[in-house]
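Just so we're on the same page: letters track the sequence lines, and every chain starts at 1.
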Number of protein chains: 2
Amino acid sequence: MTKAIHDHEEGRAQPGRVTITALSAALGLSKSTVSRALNGYPDISERTRLRVRRGAETMGYRPLSHAQAIRTGRVRALGLVVQIGDHDAQRPFLADFLAGISVAASAEGWTLTVATADSEADAVRTMEQLVEDRKADGFILPRTLSHDARVALLRARGVPFVMFGRTADPEGCAWFDILGEAAMRDAVLHLASLGHRRIAFVNGGTAYNYSRLRLQGYRDGLDAAGLPEDPELIRGGALNTDDGARETRALLALPQPPTAVVFAVDHAALGLYRACAERGLQVGRDVSVISYDGVPDGAHVQPPLSSFTVDTRAAGHRLAELLIDRIRGAAPETLRETARAAFADRGSAGPPRLSSEALSKRLATETT
Amino acid sequence: MTKAIHDHEEGRAQPGRVTITALSAALGLSKSTVSRALNGYPDISERTRLRVRRGAETMGYRPLSHAQAIRTGRVRALGLVVQIGDHDAQRPFLADFLAGISVAASAEGWTLTVATADSEADAVRTMEQLVEDRKADGFILPRTLSHDARVALLRARGVPFVMFGRTADPEGCAWFDILGEAAMRDAVLHLASLGHRRIAFVNGGTAYNYSRLRLQGYRDGLDAAGLPEDPELIRGGALNTDDGARETRALLALPQPPTAVVFAVDHAALGLYRACAERGLQVGRDVSVISYDGVPDGAHVQPPLSSFTVDTRAAGHRLAELLIDRIRGAAPETLRETARAAFADRGSAGPPRLSSEALSKRLATETT
DNA sequence: CTCGTTTCCGAAACCGGTTTCGGCAATTGG
DNA sequence: CCAATTGCCGAAACCGGTTTCGGAAACGAG
């Protein structure tokens, strides 16, 4: 008897499983009828369709997705390639994001295949592999770039995908996104209504599409508040706490420092706390700040960081639903949704205690 | 012509793919010979085996795992069910953990199926589903409990698994773990060598198996340092910053407060910073602290938190390798490994500036 | 040189589904 | 009342692999 080198002790054909053959035999129908009945073919009478459905229900029949896949090419799996080392801010969200996707997927009987990559090129390669090996029927793309190589690949291959975020060229793209621009605009308006007149903006990474949008939102906010735009008050490239502290120091060193700062990224905003502590400034009194993301860390500083919080879990949930629709054939144009971030006012933004001039003077005298 | 209700516009049989039939035809061999050659059956001559391997290589043949699965029952996928909402500390690690698993898995041509659950019971149900639907051939179990329902299920079903952590009953279990007890012991010895004599311990969640071990490590450390054990100095259940602050306050309120604290969890240790700030104590001078995990946040406090850092990515990597070996049939007893956490001395532990008595006095006078 | 073993490979069945095709019975139309 | 549809289902092929089984050729022993 021939035998494989690796011996697999566990029995192959698992005992309990009810196959389509068993089901059809029990119903006195042919395999093909059962299959077509279950898959909604029109050439099956309503009566038999119902009988089959009921039978499948009671016998607990569940088709093996990989057995179906061999003919249909679909494995009922969503793909997600997360880029790591990329941007620390992403990490705390990942668990919630996965939870949202996973729940929505399993509600439809789908699963989630996850891979990681350490660069955009690597991500593209990884997705190609997954498609090639049919490990995923479509992809959720987190952190969309303005010009995204992943989108180019998937478009070329005709692989379904949805983006978390929008992109420059929307052709053939489906997406779910949070309106960061609206949040930034509201942040500026909120600060202006408190009496601030010099409101700075510290943006995130420039390659991301959201940066462009959030900057625009900040500008719209200034415009709506009737405030002038001062290029000195606009900075960018701040993704983590160190970056945020650096940019804050630069802003405080201006002849006319801002009395309030809007950050595009919470983790960067936490850097403002550090920079303010260095100069003996009190956040929320001497300098106000409003940010975006809603990271848990923001609740643990004093005063807690006021931030537009993103419901990452809900986003993952919706993205999974959209992707499944997309894979089932819905047109991408019909699968575009946005939602707003919820403002959590926790006390880091208050009316200005000092004017810009007074603030500048105080900083000058305190200089070591 | 009959047609499905959901019309799937994309072509089924994808063009480029080379099947085993095509390969065998090109080689002038039968499908079965090619299959057996590739799978290492002994009844294939070395010459043909080589020829087939080479042919597969040049033609770029890659078997579809789900086509194989229909006969073998193996889909070449690892399963991971992460419990969320469970323990905040887990979140920052998740990305690295996934990266480690993903890299090791794909190196062997495997993929990773991820699902989430919000309770242990839910995790068990989810894993049953995945096994039932053959979406995973085995599982990596993070955060092992002393008595774990997941282990019970998988053992009963004969599904391969490896644990990140050890468990009370090792029967049939494979694992990779970091020696938290050794770290706790070293922490105590380090503090003792600096001159501390009242060293407290704040443990994490009691249900986790690691808590038991770390407490034991702390005790061993006291023993090795020749210090007496004081039940008042042992506290537990601290998983996040709030918990840690609470426990620190309780310790500082003791008649003889500790001059150093060992934490089992970094996020809890960060709470000590808060509690110390409230009382005007300087961390690393008035009160020393050493912790465990190596979370990035620990580097951003003043002074940075000295901590035994865990290489989560490496752990994920090794766990994936072990699981694949396990699925291929290796005995669980041969798949048990441990590693040590690396001590990152960042300045939060120094020689005691005040004795316990002096500290107590100072705290008493400062009381509002 | 003959006969029993090995060695090595092909034919065919199989895994659990899907899809094509054809045919019977019941309708419909003229 | 007969012919042409239509509705509904079964038989069989198929998807891309794995595994069983049997037999031809090469080998070794007597």
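Projected onto DNA chain C by closest heavy-atom contact, Thr33(A) and Ala67(B) fall at different nucleotides, the more 5' of which corresponds to Ala67(B).
With respect to the salt-bridge test (charged N to carboxylate O, under 4.0 angstrom), the residues Arg54(A) and Glu57(A) do not qualify. A salt bridge links Arg150(A) and Asp148(A); the closest N-O separation between the charged side-chain nitrogens and carboxylate oxygens is under 4.0 Å. A salt bridge between Glu132(A) and Arg157(A) is present, with a side-chain N of the basic residue lying under 4.0 Å from a carboxylate O of the acidic one. A salt bridge links Asp177(A) with Arg166(A): at least one charged nitrogen is closer than 4.0 Å to a carboxylate oxygen.
Note: CG (Leu50(B)) to C1' (dC8(C)) measures 16 Å, nearest angstrom. Here the P atom of nucleotide dT6(C) and the CD1 atom of Ile44(B) are 19 Å apart, to the nearest Å. We find that NE2 of His66(A) is positioned 13 Å from C1' of dT18(D), with the value rounded to whole Å. The CZ atom of Arg51(B) sits 14 Å away from the P atom of dC8(C) (whole-angstrom rounding). One can place CG of Asp43(B) at 12 Å from C1' of dG22(D), the figure rounded to the nearest angstrom. Atom CG of Leu38(B) is separated from atom C1' of dG16(D) by 13 Å (rounded to the nearest Å). In this entry the distance linking OH of Tyr41(A) with C1' of dG7(D) reads 17 Å, nearest Å. Rounded to whole Å, the distance from CG on Leu23(A) to P on dG17(C) is 9 Å.
Across dT19(C), dT19(D), dC9(C), the shortest atom-to-atom separation from the side chain of Thr72(B) is found for dT19(D). Which of dG17(D), dG16(C), dG17(C) sits closest to the side chain of Tyr61(A) comes down to dG17(C). In the set dT18(D), dG16(C), dT19(C), the nucleotide with an atom closest to the side chain of Arg71(B) is dT18(D). Taking the side chain of Ile20(B) as heavy atoms from C-beta on, and the options dG16(C), dC8(C), dT18(D), the nearest nucleotide is dT18(D). For Ile70(A), the side-chain atoms get nearest to dG16(C) when compared with the rest of dG16(C), dT19(D), dT18(D). Out of dT18(D), dG10(C), dG17(C), the shortest distance to the side chain of Gln68(A) is found at dG17(C).
Scanning all heavy atoms of the two residues, the minimum distance from Val81(B) to Ala117(B) falls at CG1-CB, 4.0 Å.
Residue contacts for Thr21(A): at a heavy-atom cut-off of 4.0 Å it reaches no nucleic acid atom on any strand shown. Ser45(A) comes within 4.0 angstrom of the backbone, heavy atoms only, and of no base. Using a 4.0 Å heavy-atom distance criterion, Thr19(B) is classed as a sugar-phosphate-only contact. Residue Ser32(B) is in base contact, counting any heavy-atom pair closer than 4.0 Å across all strands shown.
One N or O donor and one acceptor, one from the side chain of Arg36(B) and one from the base of dT20(D), sit under 3.5 Å apart. Side-chain to base pairing of Lys31(B) with dG10(C): no donor and acceptor N or O lie closer than 3.5 Å to each other.
Of the side-chain N and O atoms in Ser35(B), none sit less than 4.0 angstrom from OP1 or OP2 of dT19(D).
None of Leu80(B), Ile327(B), Leu130(B), Thr113(B) except one satisfies the side chain to side chain contact (heavy atoms under 4.5 Å, CB included) rule with Phe139(B); the exception is Leu130(B).
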